[in-house]
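As structure tokens, the structure follows; a few thoughts come after it.
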Number of protein chains: 2
Amino acid sequence: MMKDPLASYPGYVLRRAAHAAGAELTMRLEPLGLRQSDVSMLILIEANPGITASALGRMLDIQRANMVPILKRMEDADLIVREAIDGKSMGLEVTRAGLARLADARAVIDQFENELLERVPAEHRHHLLPALNALWR
Amino acid sequence: MMKDPLASYPGYVLRRAAHAAGAELTMRLEPLGLRQSDVSMLILIEANPGITASALGRMLDIQRANMVPILKRMEDADLIVREAIDGKSMGLEVTRAGLARLADARAVIDQFENELLERVPAEHRHHLLPALNALWR
DNA sequence: TATTGTTATACTCTATAACTATA
DNA sequence: TATAGTTATAGAGTATAACAATA
């Protein structure tokens with residue numbers, strides 16, 4: 001058997017756990033034709049109607065320039081619309097069709113998040129979210 | 001202020017925490033001319049001398065095909081050597097220069113991992129690693 | 001002067017298929 | 001028959017620079 005000294009490094013295990021979870025969620029969203037970033041954006045736009053692409057990108061840590069093709073694809077898929085706020089900014093809204101897809105995605109995600117937490121032994125379970133939030137913010 | 005409903009999703013926070021930590025470690029390793037994968041490989045090769053590229057890839061969840069350019073770069077940088085085990089397999093070893101670089105990298109990583117854990121409130125701290133390991137394995 | 005949206009571009013990481021040679 | 005190493009290639013995600021138009 002191979003030795004794995006990396007298992008004791010929190011940073012490494014964090015990366016592996018995130019990758020494993022991310023790959024699984026991507027697989028589960030695939031039948032819906034949605035990517036993780038799509039769902040994140042739909043959730044944030046629904047919670048903040050009229051948000052601009054720049055502000056959305058700042059929340060998700062995605063560069064302005066990289067938002068363009070993503071939002072264009074979502075607009076082409078009739079998931080969101082862009083409406084002029086003023087001559088410079090565009091406000092984002094979730095379409096009716098987008099809300100329906102979002103409802104499906106939420107069912108997938110809620111199930112996924114529940115399963116994720118169930119894998120964590122009970123004595124550690126409620127420490128996960130606050131610990132991770134402390135690492136991120 | 002914008003609403004952020006994503007903050008309550010463990011999977012999302014996991015991804016953000018891993019990305020933030022990864023970006024920071026990458027920055028700290030950059031002066032050493034090493035990437036995270038380089039250091040992971042050096043650690044694993046040192047712990048398992050003579051390991052093959054395929055076995056190393058399986059441990060790190062990196063495809064065989066993607067190991068080729070990585071190992072070639074590390075060999076060109078005189079961090080590792082490949083020695084024939086038989087007519088098919090090559091055993092990997094860390095060079096003397098590789099060991100020196102690995103020592104520098106370990107100092108960076110140990111400091112980084114300590115700081116990472118210090119950011120987690122004490123009551124959650126020792127739950128992080130077991131919780132993450134449960135998600136991954 | 002700072003910000004928004006945009007185009008173009010490049011680099012890294014990752015995934016797949018196919019091939020050769022050997023165990 | 002399964003495995004190791006390799007090549008080629010394509011798709012994501014991400015990062016930077018630059019520009020026009022507007023706040």
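Convention: sequence-line order gives letters A, B, ...; per-chain numbering from 1. Computed over heavy atoms, backbone and side chain alike; hydrogens, waters and symmetry mates excluded.
- Put simply, the residue from A:Leu135, A:Leu14, A:Leu128 that forms a side chain to side chain contact (heavy atoms under 4.5 Å, CB included) with B:Leu14 is A:Leu14.
- In this structure, the CD1 atom of B:Ile80 is 11 Å from the P atom of D:dG5, given to the nearest Å.
- The list of salt bridge (charged side-chain N to carboxylate O under 4.0 Å, His left out) pairs with a residue in residues 127-137 of chain A, not counting sequence neighbours, reads A:Arg137-B:Asp4.
- At a threshold of 4.0 angstrom between heavy atoms, the contacts of A:Met90 are confined to the sugar-phosphate backbone, with no base atom among them.
- Distance alone, capped at 3.5 Å, is enough to place a donor-acceptor pair between the B:Arg125 side chain and the B:Leu117 backbone.
- Rounded to an integer number of Å, the gap from B:Ile85 CD1 to D:dA4 P is 10 Å.
- The side chain to side chain donor-acceptor pair (under 3.5 Å) test applied to B:Arg82 returns B:Glu75, not counting sequence neighbours.
- To the nearest angstrom, P of D:dA4 lies 19 Å from CD of B:Glu83.
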Where protein sits on nucleotides 11-17 of chain D, one letter per nucleotide: B base, S sugar-phosphate only, - none, heavy atoms under 4.0 Å: -SSBBBB

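- One finds a side-chain N or O of B:Arg58 lying less than 4.0 angstrom from the OP1 or OP2 phosphate oxygen of D:dA4.
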Could I get a table of every N or O pair under 3.5 Å where one atom is in the protein and the other is in nucleotides 19-22 of chain D?
from: D:dT22; atom 1: O2; to: A:Lys88; atom 2: NZ; distance (Å): 3.3

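- Among residue pairs with one or both ends in residues 114-137 of chain B, those qualifying as ring pair (Phe, Tyr, Trp, His ring centres under 6.0 Å) are A:Tyr12-B:Trp136, A:His124-B:His127, A:His127-B:His124, A:His127-B:His127; sequence neighbours excluded.
- Applying the ring pair (Phe, Tyr, Trp, His ring centres under 6.0 Å) test to residues at least two apart or on different chains, none of the pairs has a partner in residues 56-77 of chain A.
- Pairs passing the salt bridge (charged side-chain N to carboxylate O under 4.0 Å, His left out) check and including a residue from residues 87-100 of chain B, sequence neighbours excluded, do not occur.
- For the side chain to side chain donor-acceptor pair (under 3.5 Å) condition, the pairs that include at least one residue of residues 41-58 of chain A, sequence neighbours left out, are A:Glu46-A:Arg106.
- For A:Gln63, there are no side chain to side chain donor-acceptor pair (under 3.5 Å) partners, not counting sequence neighbours.
- The stretch residues 47-57 of chain B does not touch DNA chain C, since none of its heavy atoms comes less than 4.0 Å from the strand.
- Qualifying side chain to side chain donor-acceptor pair (under 3.5 Å) partners for B:Thr26, counting only residues two or more places apart in sequence or in other chains: B:Gln36.
- For A:Asn114, the side chain to side chain donor-acceptor pair (under 3.5 Å) test picks out no residue, with sequence neighbours left out.
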